[in-house]
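Everything below concerns the one structure shown next.
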Amino acid sequence: TQAMPCQLTRVTKEGEHKVCGTMMDAFGSHCIACKVGGAVIAAHAEGCQIVADAAREAGFLCRREQIVPELATSDCLSPVLDIDGFGIPGAERLLLDFTLRLGSAARYKWGQRADPAASAEADKAERYPPRAGLVPRGIAMEVLGRHGPELTAVLAELADRARHTAIQQGRAPTKLLRNCLLYTSDAAD
């Protein structure tokens, strides 16, 4: 098979049509990570929405794409985080910045960065260090679904909070949650 240039297109603010033009490999895997075509933006938005829905299920009030002025630095005057969760008495404000990474990207090959999702989370932690009593958390997932350790931890915390809230409100946990509880208690023994 012959390599072909990516034909994904977007219209710029000036009304010009911009074609990506990146040479694709024989498998066409570039298309799932092309920043011009919009698939990455759509996948990022969907990932953010899923995590925000999980936070709401856990009892947080959530806003998306929020400027958090307390995190401003000279390098980043208007830091925008993907999820700002608040409203649970006694719980820390949930500040999350979500990232997708393509594990097959050249910069991750040959052991340079063994886990793209974990490295993305480390990059986010460097970009948004704790400030003014706020602790933003970078969460990441590879394009094909592998979670970074911080995303896994956030989802586990949200699931635990949602389960605890359901029990407090007198709603019985679902069969799946009961099975998870039994498995967890057996593992603790």
Side-chain angles (χ1 to χ4, degrees), residues 10-14 18 20 32-108 112-166 168:
R10 75 169 168 210
V11 178
T12 66
K13 292 178 183 177
E14 295 78 28
K18 179 181 178 185
C20 174
I32 62 173
C34 180
K35 302 273 185 179
V36 173
V40 171
I41 295 167
H44 177 270
E46 185 65 24
C48 290
Q49 190 60 48
I50 289 168
V51 176
D53 289 344
R56 286 184 187 99
E57 185 68 26
F60 286 97
L61 301 172
C62 288
R63 293 180 294 191
R64 297 264 323 274
E65 299 297 322
Q66 291 298 301
I67 294 174
V68 183
E70 298 91 340
L71 299 176
T73 65
S74 59
D75 294 335
C76 185
L77 299 176
S78 297
V80 177
L81 295 181
D82 293 314
I83 299 163
D84 182 359
F86 57 95
I88 297 178
E92 286 187 26
R93 188 170 167 189
L94 187 66
L95 296 168
L96 303 174
D97 201 35
F98 180 75
T99 299
L100 282 174
R101 288 268 170 105
L102 179 65
S104 63
R107 65 178 173 251
Y108 304 118
Q112 294 171 6
R113 291 180 135 181
D115 185 351
S119 73
E121 291 177 348
D123 291 347
K124 289 292 183 177
E126 188 176 313
R127 181 175 180 183
Y128 298 117
R131 264 180 126 59
L134 299 178
V135 182
R137 297 169 77 177
I139 56 175
M141 182 171 73
E142 287 184 43
V143 170
L144 298 176
R146 184 176 175 187
H147 294 182
E150 190 67 20
L151 175 58
T152 300
V154 165
L155 292 175
E157 291 166 21
L158 293 174
D160 187 51
R161 186 176 288 281
R163 179 189 56 78
H164 182 70
T165 301
Q168 281 186 328

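Everything quoted here is computed from the prediction, not taken from an experiment.
- Applying the side-chain contact (heavy atoms from CB on, under 4.5 Å) test to Thr152 and every residue at least two apart in sequence or in another chain returns His147.
- Taking CE from Met141 and CD1 from Ile50, the interatomic distance works out to 7.0 Å, rounded to the nearest 0.5 Å.
- Heavy atoms of other residues, nucleotides or ligands lying less than 6.0 angstrom from CD of Glu65 number more than 12.
- Residues that satisfy the side chain to side chain donor-acceptor pair (under 3.5 Å) test with Glu126, not counting sequence neighbours, are absent from this structure.
- Here Arg131 pairs with nothing under the side chain to side chain donor-acceptor pair (under 3.5 Å) rule; sequence neighbours left out.
- Residues Leu158 and Phe60 form a side-chain contact, since some pair of their non-hydrogen atoms from C-beta on lies under 4.5 Å apart.
- Not a single salt bridge (Lys or Arg N to Asp or Glu O under 4.0 Å) links Arg64 to another residue, sequence neighbours left out.
- Under the side-chain contact (heavy atoms from CB on, under 4.5 Å) criterion, Pro149 pairs with Ala118, Glu121, not counting sequence neighbours.
- For the side-chain hydrogen bond (donor to acceptor under 3.5 Å, both in side chains) condition, no pair includes a residue of residues 70-80, sequence neighbours left out.
- Remark: Arg56 engages Asp53 in a side chain to side chain donor-acceptor pair (under 3.5 Å) (not counting sequence neighbours).
- Here Arg137 pairs with Glu150, Glu157 under the side chain to side chain donor-acceptor pair (under 3.5 Å) rule; sequence neighbours left out.
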Enumerate donor-acceptor pairs with a distance under 3.5 Å from any side-chain N or O in residues 81-91 to protein atoms, sequence neighbours excluded.
residue: Asp82; atom: OD2; partner: His44; partner atom: NE2; Å: 3.3
residue: Asp82; atom: OD2; partner: Phe98; partner atom: N; Å: 2.7
residue: Asp84; atom: OD1; partner: Arg93; partner atom: NE; Å: 2.9
residue: Asp84; atom: OD2; partner: Arg63; partner atom: NH2; Å: 3.0
residue: Asp84; atom: OD2; partner: Arg93; partner atom: NH2; Å: 2.8

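- Under the ring pair (Phe, Tyr, Trp, His ring centres under 6.0 Å) criterion, His164 pairs with no residue at all, not counting sequence neighbours.
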